[in-house]
Amino acid sequence: MQTPIRIDSRFPAMGTTIFTVMSRLAAECGAVNLSQGFPDFQAEPALFDAMHRHMLAGRNQYAPMAGMPELRQAIVDKVASLYGARFDIESEVTVTAGATQAIFTAIAAFVRPGDEVIVFEPVYDSYVPAIETVGGRAVYAQLRFPDYAPDWEQVQSLITARTRMIIVNSPHNPTGSLITAVDLEKLAKLVRGTDIVILSDEVYEHILFDGEAHASLSGHAELAARSIVVSSFGKTYHITGWKIGYVVGPAELMAEFRKVHQFNVFTVHAPSQLALAEYMQDASRHLGLAAFYQEKRDFFRRLMASTPFELLPCRGTYFQLARYGHLSDKTDRQFAEWLTREVGVAVIPISVFYADGRDDRVVRFCFAKQEATLQAAAERLRKAL
Ligand code: PMP
Ligand code: GLN
């Protein structure tokens, strides 16, 4: 069908997210898909049983705008027990349709036209389009290659009177790096006395390796007082397709967040909230996640040791970065496409997470997969490279 309308696009330069592009190409080519981040294994039946039970019990109408009280209570209890901060169930926690919506809503609630938002490159791909959609401007700080550590002096030099927000993400997608308690102190010092809001994307809060502790902004009293902290059940319970997450933050910030949330999604799928509230009662489910994924990380790294890729450290998330510059002259986009089409393993090129397309010849593998899937991928890589 053809439209008679001439569309003066609001976003003429905006393409399609790399995760969609690579997953589609993987499907087309029959490649092992280690590109987009999602598990290829099932969540526990107890979660599905609970959802089914709540549906049959008639819990199928609108949830309250902020989320089911049962789930808000479970979230607040979990955050208190992990990070020592007790948010108010009525005014300081909101259930969202995944972290992507939470991030977009937080940006829309706080960023005014002309405001600047500091983000760290490589930057998760939804942040900058959200900032630009509401008329803000992204300002880029760099995570230092190859350890991807923040440079707080650089951040300081980027702060202006227009800086409205700083977005942090730890454990970090795509690099698997972490920010530490020392980083939080430096960040606190930088924003002290300003009106800068921190948006902290902590969707991988339970996936840290080698005994590292997650430095949640919720657990840093000074920063928590100016932060919206985002998490997602998709990562924690192997249900990325359910699209349920949440935000916590001080009441005054949450009131602003809800102004946008109520007229955007209004409220989130009710029976899955009840199922999650029940499922969260067993803390071993989120506390065991780090060990579960550490085993996968180590398994995958052992397999990759028999290929010529050079692996970078992976301290958290379910992503492994690998350097290939000694194997090929291709750009990382070309290399990712070649690997998908010709070798049959789909990956994510890292240059897409840089505004200027900086290319360090690094690609990202997702290891949230069954051992057989990882083995099949490694076998193909071993034969081809
Ligand atoms: N932030 C980061 C860093 C992510 O990796 C993801 C998903 N992979 C999201 C946000 C979005 O999470 P959700 O699927 O809950 O929208
Ligand atoms: N965040 C996931 C990843 O990094 C993908 C989410 C998406 O497809 N938008 O792979």
Side-chain angles (χ1 to χ4, degrees), residues 14-27 32-40 43 67 71 75 94-107 119-131 143 148 167-179 199-208 214 216-217 228-248 261 264-265 268-269 272-273 276 286 289 293 314-321 336 340 346-353 362-369:
M14 200 180 289
T16 301
T17 167
I18 191 70
F19 306 119
T20 297
V21 170
M22 293 312 302
S23 273
R24 194 161 50 204
L25 187 64
V32 181
N33 188 2
L34 304 189
S35 63
Q36 190 179 27
F38 61 89
D40 74 342
L71 183 55
I75 293 166
T94 303
V95 178
T96 62
T100 310
Q101 182 243 313
I103 291 161
F104 197 99
T105 299
I107 289 169
V119 297
F120 292 85
E121 285 185 317
V123 57
Y124 183 64
D125 78 338
S126 84
Y127 305 166
V128 175
I131 294 163
L143 295 176
Y148 297 105
I167 305 182
V168 292
N169 166 219
S170 178
H172 185 257
N173 182 6
T175 69
S177 65
L178 305 178
I179 55 176
L199 177 57
S200 184
D201 179 348
E202 302 185 10
V203 300
Y204 300 102
E205 65 178 317
H206 302 300
I207 313 180
L208 285 84
H214 173 51
S216 175
L217 270 74
I228 293 275
V229 176
V230 180
S231 195
S232 171
F233 294 109
K235 314 293 165 184
T236 303
Y237 296 139
H238 317 310
I239 46 165
T240 61
W242 281 30
K243 296 299 295 182
I244 302 205
Y246 61 88
V247 292
V248 292
H261 179 77
N264 180 6
V265 285
V268 174
H269 191 259
S272 36
Q273 291 191 56
L276 284 164
H286 57 264
L289 201 65
Y293 274 121
C314 169
R315 298 168 69 194
T317 75
Y318 44 53
F319 303 117
Q320 173 64 57
L321 294 191
T340 308
V347 295
I348 297 289
I350 297 305
S351 66
V352 301
F353 304 111
V362 177
V363 291
R364 189 194 82 175
F365 294 87
C366 172
F367 57 78
K369 305 292 168 191

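We count ligands from 1, going down the list as the structure has it; atoms in each ligand are counted the same way.
Residues N264 and T105 have side chains in contact (heavy-atom distance under 4.5 Å, counting atoms from C-beta outward). V230 is not listed as a side-chain neighbour of T96, based on a closest heavy-atom distance of 4.5 Å or more. Within the 4.5 Å cutoff, the side chain of I131 has heavy atoms near those of the V119 side chain. Annotation: side chain of Y204 is in contact with side chain of F319 (closest heavy-atom distance under 4.5 Å). A heavy-atom distance below 4.5 Å is found between the side chains of D125 and F19. Inter-residue side-chain proximity for V95 and H269 is flagged as unmet; no heavy-atom pair is nearer than 4.5 Å.
Residue S232 places at least one N or O, backbone or side chain, under 3.5 Å from an N or O of ligand 1. An N or O contact shorter than 3.5 Å links A99 to ligand 1 by distance. Considering backbone and side-chain atoms alike, Q101 places every N or O at 3.5 Å or more from each N or O of ligand 1.
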Atom pairs and distances, ligand 2 N/O vs protein N/O under 3.5 Å:
unit_1, atom_1, unit_2, atom_2, d
ligand 2, 1 (N), Y124, OH, 2.8
ligand 2, 4 (O), N173, ND2, 2.8
ligand 2, 4 (O), R364, NH1, 2.9
ligand 2, 4 (O), R364, NH2, 3.4
ligand 2, 8 (O), Q36, NE2, 2.7
ligand 2, 10 (O), G37, N, 2.6
ligand 2, 10 (O), R364, NH2, 2.7

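Residue contact check: N173 has heavy atoms under 4.0 Å from atoms 3 (C), 4 (C), 5 (O) of ligand 1. Applying the 4.0 Å criterion to heavy atoms of G98 picks out, from ligand 1, the atoms 15 (O), 16 (O). For ligand 1, the atoms lying closer than 4.0 Å to a non-hydrogen atom of K235 are 6 (C), 7 (C), 8 (N).
Residue contacts with ligand 1, taken as heavy atom pairs separated by less than 4.0 Å, involve V203 solely via side-chain atoms from C-beta onward. When heavy-atom distances to ligand 1 are checked against a 4.0 Å cut-off, K243 comes that close only through its side chain, counted from C-beta outward. Contact annotation: for Y204 versus ligand 1, heavy atoms closer than 4.0 Å belong to the side chain alone. Contact annotation for H172 and ligand 1: no heavy atom of the residue comes within less than 4.0 Å of the ligand.
Side-chain N or O atoms of R364 include none that pairs as donor or acceptor with a backbone N or O of V347 at under 3.5 Å. Judged purely by atom type and a 3.5 angstrom limit, H172 uses its side chain to pair as donor or acceptor with the backbone of P122. Between the side chain of Q101 and the backbone N or O of G245, no donor-acceptor pair lies under 3.5 Å.
Scanning for side chain to side chain donor-acceptor pair (under 3.5 Å) contacts around Y246 gives K78, E205, with sequence neighbours left out.
Among T317, V230, I244, D201, the residue whose heavy atom lies closest to atom 2 (C) of ligand 1 is D201. Ranked by closest heavy atom to atom 6 (C) of ligand 1, the top entry among F19, Y124, F38 is Y124.
In this structure, a donor-acceptor pair under 3.5 Å is absent between the side chains of N173 and T317.
Remark: distances from the non-hydrogen atoms of T240 to ligand 1 are all 4.0 Å or more.
What sits closest to atom 11 (C) of ligand 1 on the protein, heavy atoms only, is T100 OG1, 3.2 Å.
Seen from the ring of F38, K235 does not count as a face-on cation partner, given the 6.0 Å and 45° thresholds.
Distance CD1/I107 to CD1/I167: 4.0 Å, rounded to 0.5 Å.
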